[in-house]
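What follows is a single structure, written as C-alpha cells, with notes after it.
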Amino acid sequence: AFTLLLHYYKAQLHLMNKSMKSSKREIKSALATAAQRDRDTATGGNSPGLFLKANLEYVRENYRKSIKLLHGCRKGGAPENQVLYLNNMGCAHFRMGKHNAASFYFLKALRENNAIQAQGQRGRVELPTHAKDRGPAVQYNLGLQLLLAEQPEHAFACFQEASLMYYNRPRLWLRLAECCVSAHVHALASSEKAHSKSDVVRSVVGDGRARR
C-alpha cells in the first residue's frame with residue numbers, strides 16, 4: 001500500500017512539473033502495483049491511477065483520450081470519486097470549447113458534492129470526507145462556464161460561493177469584475193434596443209444606406 005501511494009504522489013509531482021515521461025513511468029508502475037494487489041479491476045483500487053493517467057492526457061491536450069480514460073473511473077471507489085469524475089469531464093469539455101456540456105457536468109458534480117456533505121451533516125460520513133469538499137473548486141469552474149456562455153449574473157453567484165475558500169486568489173476577483181462588466185454591457189444593449197423602437201415602426205429591413 002505504501003509503494004502504491006508513493007507512485008501516486010511521485011506521478012502527481014511530475015505532472016505538476018510538466019515532466020511527462022517521468023509521470024507516465026510512475027503511473028504505469030502505479031497501475032501495475034494496483035493490479036498486483038487487487039486483480040479485480042472492477043473495484044476502485046486503481047481509480048487514482050486512472051485519474052492520473054487521464055490527467056496526463058489532459059495536460060498533453062489529448063482531451064478525447066482523457067475522456068475515454070475517465071469513463072473507467074465511474075465505477076467503484078469512494079463516493080467523492082464521482083465528484084472528481086464529473087468535474088474532470090467538465091474540464092475536458094471546457095478545453096474542447098463545449099461550454100454548455102461543461103456546465104452540465106460541473107452542475108452534476110456540485111449536486112453530488114452537496115449530497116455527500118449533507119450526509120456528513122447527518123453524521124453518516126467521516127471527517128476526511130469533509131476535508132475533500134470540492135464545492136468551491138466546482139463552483140469556480142461552473143462560474144467560468146456560465147461567464148463564457150454570457151450568463152454573468154449566474155456566474156457572479158457561483159464566484160461568490162467560491163470566494164469563501166479562494167478569497168486570496170486575484171484571478172477570482174478578476175472574474176467577478178468580468179461578470180460586472182459583462183452584466184453592464186448586456187444591460188446597456190437591452191436599454192438601447194428598448195429605446196430604439198418606435199410605436200410607428202413595425203419592422204426594420206436592410207442595413208446602412210439600404211435601411212428602411
Side-chain angles (χ1 to χ4, degrees), residues 5 8-9 12 15-16 42-55 58-59 63 66-180 182-183:
L5 288 175
Y8 286 155
Y9 290 131
Q12 289 181 41
L15 276 173
M16 294 171 70
T43 62
N46 58 356
S47 288
L50 290 176
F51 273 121
L52 286 171
K53 195 172 182 180
N55 192 9
Y58 177 85
V59 174
Y63 304 122
S66 178
I67 290 173
K68 186 177 180 181
L69 289 167
L70 284 171
H71 285 311
C73 307
R74 298 183 66 180
K75 296 181 180 180
E80 56 267 17
N81 278 5
Q82 182 70 5
V83 180
L84 290 175
Y85 161 75
L86 293 168
N87 181 72
N88 292 356
M89 286 287 287
C91 290
H93 282 83
F94 160 62
R95 291 297 184 183
M96 295 169 65
K98 301 178 180 180
H99 303 304
N100 290 327
S103 300
F104 169 77
Y105 282 110
F106 288 137
L107 189 58
K108 286 192 69 175
L110 190 62
R111 289 173 178 170
E112 289 285 340
N113 184 79
N114 292 340
I116 294 173
Q117 299 305 315
Q119 289 179 2
Q121 292 175 2
R122 292 194 292 269
R124 291 192 292 175
V125 176
E126 296 179 356
L127 184 59
T129 302
H130 290 284
K132 297 177 182 178
D133 183 12
R134 310 287 179 177
V138 178
Q139 286 278 12
Y140 180 88
N141 292 338
L142 178 60
L144 182 58
Q145 304 312 305
L146 293 173
L147 180 61
L148 293 170
E150 298 184 357
Q151 301 181 38
E153 291 86 358
H154 298 296
F156 188 88
C158 291
F159 288 136
Q160 273 193 319
E161 291 291 332
S163 68
L164 296 175
M165 180 169 288
Y166 299 134
Y167 58 88
N168 57 348
R169 301 197 179 185
R171 185 173 295 180
L172 174 66
W173 299 102
L174 287 173
R175 299 300 184 205
L176 286 166
E178 287 178 1
C179 290
C180 295
S182 181

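In this text, all values refer to a predicted model and were calculated from it rather than measured experimentally.
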Residue pair Q82 / K108, side-chain heavy-atom distance below 4.5 Å:
no
side-chain contact (heavy atoms from CB on, under 4.5 Å) partner of R134, the single match among L86, N87, V83:
V83
State whether the side chain of S182 and the backbone N or O of P152 hold a donor-acceptor pair below 3.5 Å, judged by distance alone.
no
If you take all heavy atoms of L147 and E178, which pair is closest and at what distance?
CD2-OE1, 3.3 Å
I need the minimum non-hydrogen distance between E153 and A183, along with the two atoms involved.
OE2-CB, 4.0 Å
If you measure from CG on N88 to CG on L69, what distance do you get to the nearest 0.5 Å?
11.5 Å
Going from CE on M96 to SG on C91, what distance comes out if it is rounded to the nearest 0.5 angstrom?
13.0 Å
Can you tell me how far CG of L142 sits from CZ of F94, rounded to the nearest 0.5 angstrom?
12.5 Å
Return each pair, listed once, that meets ring-ring contact (aromatic ring centres under 6.0 Å, His included) where at least one residue sits in residues 143-175; pairs must be two or more places apart or across chains.
Y140-F159
Within this structure, what is the OH-CG distance for the pair Y58 and L15, rounded to the nearest 0.5 Å?
12.5 Å
Does CD in E150 sit with more than 12 non-hydrogen atoms of other residues, nucleotides or ligands closer than 6.0 Å?
no
Supply the atom-to-atom distance R95 CZ to I67 CD1, rounded to the nearest 0.5 angstrom.
13.0 Å
Which pair of heavy atoms, one from L52 and one from Q12, lies closest together, and at what distance?
CD2-CG, 3.5 Å
Give a yes or no answer on whether the side chain of N114 reaches the backbone of L110 with a donor-acceptor pair at less than 3.5 Å.
yes
Over all atoms of both residues, closest heavy-atom pair of A155 and G143
CB-O, 3.2 Å
Step by step, would you call N113 with V138 a side chain to side chain contact (heavy atoms under 4.5 Å, CB included)?
CA-CA 9 Å; N113 184 79; V138 178; 5.8 Å; no
Quick one: CD on Q145 to CD on Q151, what's the gap to the nearest 0.5 Å?
11.0 Å
Residue set satisfying side-chain hydrogen bond (donor to acceptor under 3.5 Å, both in side chains) with Y63, at least two apart, ordered chain then number -> none
